[in-house]
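First, the structure itself, so that you have it in front of you.
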2 protein chains.
Amino acid sequence: MLSKKTKYAFHALTYLGKHRDQGAILIQEISEKYGISHKFLENILLELKKAGFLGSKKGKGGGYYLIKAPTEIPLSKVIRLLDGPIALLPCVSLNYYEPCEECESQERCGLNKVMIKVRDETLKILEMRTLQDILEGE
Amino acid sequence: MLSKKTKYAFHALTYLGKHRDQGAILIQEISEKYGISHKFLENILLELKKAGFLGSKKGKGGGYYLIKAPTEIPLSKVIRLLDGPIALLPCVSLNYYEPCEECESQERCGLNKVMIKVRDETLKILEMRTLQDILEGE
DNA sequence: CAATAAGTCTATATATTTTGTAGGTTTTAT
DNA sequence: ATAAAACCTACAAAATATATAGACTTATTG
């Protein structure tokens, strides 16, 4: 399951995507719309900004806005940013790899092999779908 | 990511699958092999038994053994048993459904629609692969 | 039939992660 | 100058995952 953080990130991105023509959007506007704590959402938006999805403007009249096209924001990137690995085991993670302590040999581990396949097929799905797909469903 | 519980469950199932012809296997044998706490593994094996994957025998000479063919144990069932939902959001879970509090209408939620598609494609993968696939990779 | 070996069960303790909060700092428009 | 808004760091609370304890039941064997 996705964490709330990631779910909220998707909500925020969706909202900003829908209102791309309206300039900077207040954190508060989004937090009220979805009933998310202002402060919690603040952290999330900041992460999305640092990752290059959002821009922001400080001071009066400030707020956040999308700086990437919705087609350029795959679900996989958002999930990895806020939740971490997509793979089901650390030993098959591309971005957060860690060997299993209990494993003598990764090469001779059937679980490892299956999970690599699961990872590859899952990634295909999550890399192919983007914020654009979410927006089209609203 | 899978919990350790689920990973350990896969290890145990794999071990029992490899030693199907050797009758009942001790918890201790498996826990030593993979460096899993005896008591922790105990709980896991009990759950697998209650779910109908394993049988057991008490007393001296007792232990656990597979009572299903490895082809009849899809990864999806093991994951659901020990980790819960496979879906990325509660509002698209088939087995653990819960509506989102922040959502006015699930029908008009783009996130919901995308996640249903992701769920369906993920499930295809996890339902199709079984313990047999793990065993073949060892 | 006593001793021992093993699984069963329920409850609790510990560790880790997730979720949420506090409060000050910086920037910008008016 | 003031107020509005994002930025930043640290911490607190809650939830979940991991691990442990100890008594109970069942089966084997000498």
Side-chain angles (χ1 to χ4, degrees), chain A residues 1-9 11-12 16 22-32 34-51 53-67 79 81-85 88-90 96 98 100-102, chain B residues 1-9 11-12 16 22-32 34-51 53-67 79 81-85 88-90 96 98 100-102:
Chain A
M1 295 275 271
L2 298 179
S3 66
K4 288 196 176 181
K5 221 167 158 179
T6 303
K7 183 169 73 160
Y8 293 162
H11 281 321
L16 293 173
Q22 293 172 29
I25 305 284
L26 293 180
I27 294 178
Q28 183 151 357
E29 190 174 332
I30 303 171
S31 79
E32 280 175 2
Y34 294 102
I36 306 168
S37 137
H38 180 109
K39 279 291 191 179
F40 195 38
L41 184 58
E42 200 178 284
N43 294 329
I44 296 166
L45 292 175
L46 213 45
E47 283 198 74
L48 289 169
K49 183 195 168 185
K50 286 179 181 163
F53 298 118
L54 304 182
S56 68
K57 212 187 144 196
K58 282 184 173 184
K60 195 165 183 183
Y64 281 95
Y65 45 89
L66 266 191
I67 57 173
I79 293 174
L81 178 66
L82 295 150
D83 258 7
L88 292 182
L89 293 177
Y96 302 84
E98 270 183 62
C100 291
E101 287 176 14
E102 74 274 18
Chain B
M1 296 275 270
L2 298 180
S3 65
K4 288 195 177 182
K5 220 167 157 179
T6 302
K7 183 170 72 159
Y8 293 162
H11 281 321
L16 292 173
Q22 293 172 29
I25 305 284
L26 292 181
I27 294 177
Q28 183 150 357
E29 189 173 335
I30 303 172
S31 77
E32 279 174 3
Y34 295 101
I36 307 168
S37 135
H38 180 110
K39 278 292 191 180
F40 195 39
L41 184 59
E42 200 177 284
N43 294 327
I44 295 166
L45 292 174
L46 212 45
E47 282 197 73
L48 289 168
K49 184 195 168 182
K50 285 178 182 164
F53 299 118
L54 303 183
S56 68
K57 210 187 145 197
K58 284 185 173 181
K60 195 165 185 182
Y64 283 94
Y65 45 89
L66 267 189
I67 57 173
I79 294 174
L81 177 67
L82 295 150
D83 258 8
L88 293 181
L89 293 177
Y96 301 85
E98 270 183 62
C100 291
E101 288 175 12
E102 73 274 18

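Just so it is clear: chains get the letters A, B, ... in the order the sequence lines come, proteins before strands, and each one is counted from 1. All values derive from a computational prediction rather than experimental measurement.
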- Distance (rounded to the nearest 0.5 Å) between A:Leu2 CG and A:Ile79 CD1: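 Nearest 0.5 Å value for the CG-CD1 distance: 5.0 Å.
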- For atom CG of B:Asp83 and atom P of D:dT18, their distance in whole Å: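 Computing the B:Asp83:CG to D:dT18:P distance gives 8 Å.
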- Item | Atom pair NZ/CG of A:Lys5 and A:Asn43 - distance to nearest 0.5 Å | 6.5 Å
What pairs of donor and acceptor atoms, side-chain ones from residues 54-67 of chain B against any protein atom, are under 3.5 angstrom apart with sequence neighbours left out?
{"unit_1": "B:Ser56", "atom_1": "OG", "unit_2": "B:Lys49", "atom_2": "NZ", "d": "3.1"}
{"unit_1": "B:Tyr65", "atom_1": "OH", "unit_2": "B:Ser56", "atom_2": "O", "d": "3.4"}

- Task: Starting at OH of A:Tyr34, measure out to CG of A:Leu41 and round the result to the nearest 0.5 Å.
- Result: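 Here the interatomic distance stands at 10.5 Å.
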- Ionic contact status for A:Glu42 with A:Lys39, cut-off 4.0 Å: yes
- Message: What contact category does A:Lys7 fall into here, base, sugar-phosphate, or nothing, at under 4.0 angstrom with non-hydrogen atoms?
- Response: nothing
- Message: Under 4.0 Å from OP1 or OP2 of D:dT16: is there any side-chain N or O of B:Ser3 that close?
- Response: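 False: B:Ser3 side-chain N/O out of range (4.0 Å or more) of D:dT16 OP1/OP2.
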- Query: Is any side-chain heavy atom of B:Ile27 less than 4.5 Å from a side-chain heavy atom of B:His38?
  - Reply: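 Yes, their side chains come closer than 4.5 Å.
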- Task: Decide yes or no for B:Leu82 and B:Glu47: does some side-chain heavy atom of the first lie under 4.5 Å from some side-chain heavy atom of the second?
- Result: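 Side chain of B:Leu82 against side chain of B:Glu47, heavy atoms only: contact under 4.5 Å found.
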- What is the 5' to 3' range of DNA chain C, first to last nucleotide, that sits under 4.0 Å from any heavy atom of chain A?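 The footprint of chain A covers C:dT19 to C:dA29.
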- Query: A:Lys50 NZ to D:dT9 P: how many Å, rounded?
  - Reply: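 In whole Å, D:dT9 P and A:Lys50 NZ are 6 Å from each other.
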- How long is the line joining CG of B:Asn43 and P of D:dA19, in whole Å?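 It is 11 Å, rounded to the nearest whole Å.
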- So what does A:Leu45 hit on the nucleic acid, given a heavy-atom distance under 4.0 Å: a base, only sugar-phosphate, or nothing? nothing
- Gap between atoms CZ and C1', on B:Phe40 and D:dA17 respectively (whole Å):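 Nearest whole value for this atom pair: 7 Å.
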- Message: Just verifying a value: how many Å separate B:Ile30 CD1 and B:Leu45 CG, rounded to the nearest 0.5 Å?
- Response: 5.5 Å
- Round to the nearest Å and state the distance from B:His38 atom NE2 to D:dT20 atom P. 12 Å
- Query: Could you state the NZ-C1' distance from A:Lys4 to D:dA13, rounded to the nearest angstrom?
  - Reply: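 One finds 14 Å between C1' of D:dA13 and NZ of A:Lys4, rounded.
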- Query: For nucleotides 22-30 of chain D, read 5' to 3', which letter fits each nucleotide if B means a protein heavy atom sits under 4.0 Å from the base, S means only the sugar-phosphate is that close, and - means neither?
  - Reply: B--BBSS--
- Task: Side-chain contact test, heavy atoms from C-beta onward, threshold under 4.5 Å: evaluate it for B:Lys7 versus A:Leu89 and give yes or no.
- Result: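 Yes, their side chains come closer than 4.5 Å.
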- Message: Expressed as a whole number of angstroms, how long is the span from A:Ile44:CD1 to D:dA6:P?
- Response: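 After rounding, the reported distance stands at 14 Å.
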